[in-house]
Structure formats: C-alpha cells, structure tokens
Amino acid sequence: MGRIDHRPLSVLPTAHSLFTSGRAKSLPPWFAIASAFPPSQALVRPQKRSGKKSKMFMPLPIAYREDKMREEFFGDHPWELARPRVVLEGDGRNEGWDWSTGVVQAGRPTDGESVIQRWLYLHRGPPKLPKYQAYDIARKEFYRVRHDEDIERRVAHEEALHTGAYFGLGPLEVGEILEDTAYTGWKYWAEQQIARLDRAVQNSYSAVPDEVEGEGVEGEGSVAEEGEGKEKAM
Amino acid sequence: MISRRLILRQGRRALSQPFNTQYRAYTRVQTSTRDNAGLEGENEVDAVKQFFERQSAALAASQPSASPTQSNEVDVKDAEDTGDTANYYHLARHQKKSNTQFGSAQDPFYKPRELITNPPKPEDITLELLLASQSHLGHKTSLWNPANSRYIFGIRDGIHIISLEVTAAFLRRAAKLVSAVTEAGGLVLFVGTRAGQDRCVVKAAELSGGCHLFERWTPGGITNGTHILGQCKTKVVDEHEQELPGYQNQLSQRAALKPDLVVCLNPLENYVLLHECALDNIPTIGIIDTDANPAWVTYPIPANDDSLRCVQVIGGVLGRAGEAGKQRRLAAAKEGYLTYQPKQQLKKPTFADLAQEKLHVEADLPPALPPAPTPASHASSDGEHLVQ
C-alpha cells in the first residue's frame, strides 16, 4: 500500500465484490444510492494556469478592482478602520442596494465600504466618470454623512444636558485636575525648601557655633525627610 | 436619606444577620421620609421609585394570579426582600407585552439557536447561506493539503478560499446519500467531537433516527465491536419502529451493531474512526478543510470545519436529509410495503421466549444478558429493525 489509503474511496467496488463472491449475504443499504451517486474522482489536480511547471497546479490569487480603491480610501482615511463594524451576516442575501442613489443605503451602516461601492458605480457603472472625479463625488457625499452624524450627536448631547443629564468630567477636565494637584504639591514642596534654606542661613549667623552646627545638621535632616515625605505623598 | 445610605453601606453585614429591630427602625424611617420626599418633589429618584411602586401595585391589583403583593402598610421586611422585585418583574413583563406592537421589525437576521432548533433543509442550501456561514474560509496557504486543490477557488489574504459551488454540490450529494440510507433503514452515525459541536450532532441524530458521538471515539468500536459494544442493549422493532418483544435470547447471540454510514464533522481528530470504517467497508462523509486529507473519507464536503456556524449548517442539512428519508420509510410502511430488504436472520419468538421475557420484566430481573447503557442506535433487520 502506498502513502494514500484508497479504501474509503473504493467502498462501492469492494461491497460489490464481497457480495458477488458470497462473503456478504446482502448488499449494504447504501449500495443503490452510492451506485447512482458514486464518490467523485479523488486526488485530481486541475490545471490552474499555464507557464511555469511548478506553479501550474497552484491556486491563483483572488484580486478585485476594488482592492486598489480600498487601499487608496483607507490610506487617506485611516481612522475609518478604527470604527467598529459588524461582520456577521444574516442570511447572506444582500441584494437590493442601489449605488446610483448615493452613498447612503437603507439597511446598512454608511462606512468606508459604501464609499468604495459608490465610487465603483460612478467610475465603472453607467456614469463612466474619470476615476478621481468619481472618488471626489463619493467621498464628499460621505463627508456630508459623517458631518450630519456629528451634528446629530451634538444636538442629542445638548438636549440631554438641557433635560438634566450629567455626563461626568470630560478628559480635559480630568487632566486639569491632575495638573492642578501636581502643581499644588510642587508649590508646597518648594515652600518647604525655601523655609529650610532660610533657616540654614539664619543659623549660620547665630552666636553659638558648636550647638548650632549640631542643631543645623539635625534640622536639615528632619526638614529634608519631611520634604521628601510630602513629595511622595503628592 | 442618610439612613438609606447607612443601610446600603451596612448591607453586606445586614444580609448575613437576622433582620433585627434596629434595621427595621431604619427602614421605617426611610419609608416615611420617602413618602414626604416624593410628595414634596425634593428627591427625583425617590419620586420615580415611588411612581414605579404605585404602577406595580396597580398592576398587581389587576392581576390577582400574580405573586403576592404588598400594600404600603404591609411588613417592610417583605417589601424589601421579595415584593418589589416581583412587582418590578411583572411590571417589566407587562410593559414588554404592551410595547411589542411599536418599533421596527428586523428580519431576517441570524439567530444562532435556530441552526439547532430548526436546521436548514437540503433545499435551503444556497451559496449565500454558505458564504454567510463562512464555509469558504480555508487555512493559511502553507498548511494546505495539495489533494484539495480542486476544491480551492483561490488565495485571498494569505488563506485558501474554498469554492462555494463545490461545497454546495458535494453537500447536496452527501444529503442524498444520508436520505437514501435512512430510507433503506440504515444506521447513520453522526460524529462531531470538537467543543460546541455536540448539540448539532445530537439534533442531526435525533432527526434522522441515527446515533451520535460527541466525545472520544473508543478505538475498536467497529473492528472490535464484540468486546467494546457487545454488552449494549439492543431491541427489535417492526417497520413502524414499534418494539417487538421476545427476541432477547437471539439478540444476545448477534454481533454488535455497526453503522451503515458515518458522518464526521471533524475528520482531523477522528482518524481512527475513519480508518476503522475503511477497514470495515463503511462509507464515510466528512467536512474536509484545506488542511485535511480528502482520501480519509468516501464523500468529502469541502468546507470550513473551524466555523461552528458552518458545521451546524452542514450537520443540520444532513440531519434534515436523514429525517426526510426516515419519513419516507415510515410513510411507505404505513401503506404496507417496505423500502428495504429484510434480513432472514431472526426467527419468530416462541411462546417460551415471550413468557421468559415477560417474567423478567415483571420480576424486574435482568434478562439473559445484562444490558449496559449506551447511546441509542438503529439498524435494519428481518422486516424489523434492531435498535441498540
């Protein structure tokens, strides 16, 4: 036996020979239908392309003319890729979209793919517009849609605020609070430092040098420690 | 308000303790302040809560069969514990019921459970359905098995794309086979041992009257069936699938049942089973992804075996096909003819056999051979079926 076991593919002739030789008393229940619909030819490599012999049976890459357009659109609008998108399909019957009417289609969210389809229609469909003229029309329609969405969102926000909604602090406000805290902490620390320096200067002019040196050292140490502690607390 | 916050803060400890008089006092204070606050409009939250309570009380009054509800003077403890929750629940149910007529209907959309509860029929196979179920997605090109090159449509984003037309054609052919086998009283075994495949496998077996396997295949189940499945209980059924008594003595002498057709949803993990089928000349149907060897099975279905949705579609279609075949067989039996060749291996039970079996049943004794619990299976025999 070679590397490939052909027994699964040859159940039909085997069953037949088992029956005719008398090993099996009856034909199996699948024999009639398997004779009518035998297993397909197995282990066949259809020729996919001509030319280089080693590549002759290799599958070909699938390319669509939209691919370049997608590359171009999403290169120009990379943040469109950051928008969440549902890729789950219902029953797969997605017909009924008419790209001659515009970039907005009922029943599907308007996104980058809508621009591509609209662009494709304007460029390759009946309007036959030049590529970049079609692109401009499609993307400007799309900008209009996004702009309208922004306005809608802003109005909804204002309405909500008017009727008593509270959305908490915004990112800028949170940032301001953090900045203020850091600044106040630094200010406290700086005041401590200035006070320490002043004390050191005054001590250097005092009358009792021996004691003062000791006190000064102790005082320095304690103030510094206190300052560090405050800094950490900030 | 302060007292309510106190309850909230102490809530964890209060729950573990019995509801003592102290907390009862707090809640009484709370209810009284709540009434005042609601009337004066000081606290909007309380007003809203009160409104809901009034609503639910009215609803409960209109529905006497609903759970016991509390009036305002009823024990505070009950109101805090269960009454409010039940009332809110009934209110939500009521609102849901009265609001269903409004809004828009989104249809058709994908309901994952429907692939199990109501699987598609072979007539429902469309390229759109297969595409939506991601049956076209193969594996990375470097992982391919070149024997699959005729099922592959092309390369996209580094993976092989399986041709939907080929998938549809091979799936229809497999459905015909399953349908014909169940019509001929054959036993179909549905196997899907990957996580999440159990429900669709069980459903397919249930529809087609076959067996299912969603755990590991015990090696030797076919080639060494006498030892592994020999102790399983079998029964003889007539053409209407009614059990016939009196055959236990004969059945204990018979070899273990074998499937007539095996449907394997994940061939990669079930090589042993497929090999045993090949040794025993049993045809197999399998989902062949681009990294699987199509020569392992008799009837490959080139599709994505890693997508649960795709596997459920394929398993459901084959289960429905089996159901159609079974119904044809039963309908023919009702009209008085058989769609299969009866085997001449079982003898009609004698009076002694019947009496012995009846005796066993009445005395609750084990029959001649003690039965072991197994998944139900089903096979054709002497104008009757053997059911294991």
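Proteins get letters first, then strands, A, B, ... in listed order; numbering begins at 1 in each.
By the 6.0 Å and 45° rule, A:R118 does not stack over the aromatic ring of A:Y121. Note that A:R70 lies outside the cation-pi zone of A:F74, set by a 6.0 Å cut-off to the ring centre and a 45° limit from the axis.
Ring pair A:Y132/A:Y135 is perpendicular by interplanar angle, where above 60° counts as perpendicular and below 30° as parallel. Relative orientation of the A:F73 and A:F142 rings is perpendicular, given thresholds of 30° and 60° on the angle between their planes.
In this structure, the portion of A:F57 lying under 4.5 Å from any heavy atom of chain B is its backbone and not its side chain. With a 4.5 angstrom heavy-atom cutoff, A:A63 touches chain B only via backbone atoms. For chain B, no part of A:P28 is nearby; none of its heavy atoms comes within less than 4.5 Å. With a 4.5 angstrom heavy-atom cutoff, B:R150 touches chain A via backbone and side-chain atoms both. Contact annotation for B:L261: neither backbone nor side-chain heavy atoms come within less than 4.5 Å of a heavy atom of chain A. For B:W296, the part lying near chain A is the backbone, with the side chain staying farther off; criterion is any non-hydrogen pair under 4.5 Å. Proximity to chain B is limited to the side chain of A:L18, based on heavy atoms less than 4.5 angstrom apart. Heavy atoms of A:L88 lying under 4.5 Å from chain B belong exclusively to its side chain. Proximity to chain A is limited to the side chain of B:I161, based on heavy atoms less than 4.5 angstrom apart. Looking at B:T126, the atoms closer than 4.5 Å to chain A (heavy atoms on both sides) all sit in the side chain, from C-beta outward.
Between chain B and the options A:L43, A:L9, A:L60, A:V87, heavy-atom pairs under 4.5 Å are most frequent for A:L60. Most heavy-atom pairs under 4.5 Å with chain A: of the set B:L131, B:V297, B:L129, B:L127, this distinction falls to B:V297. Interface remark: of the candidates B:P283, B:A180, B:A147, B:P283 forms the most heavy-atom pairs closer than 4.5 Å to chain A. Contact tally against chain B (heavy-atom pairs below 4.5 Å) for A:A32, A:A15, A:P38, A:G107: the top residue is A:P38. Counting heavy-atom pairs closer than 4.5 Å to chain A, the top residue among B:T284, B:L274, B:I152 is B:I152. Heavy-atom pairs under 4.5 Å with chain A peak, among B:S179, B:P146, B:S149, at B:S149.
Summarising the local packing, CZ of A:R45 is surrounded by 12 or fewer heavy atoms from other residues, nucleotides or ligands at distances under 6.0 Å.
With B:D124 contributing its side chain and B:K121 its backbone, the two residues share a donor-acceptor pair below 3.5 Å.
Classification of A:D148 and A:R144 as a salt-bridged pair holds, one side-chain N sitting under 4.0 Å from a carboxylate O. For the pair B:R329 and B:E241, the salt-bridge criterion is met [side-chain N within less than 4.0 Å of a carboxylate O]. Electrostatic pairing of A:D111 and A:R85 counts as a salt bridge here, judged by a charged N lying under 4.0 Å from a carboxylate O.
In summary, of the residues considered (B:V191, B:L187, B:L257), a side chain to side chain contact (heavy atoms under 4.5 Å, CB included) with B:C211 occurs for B:L187 alone.
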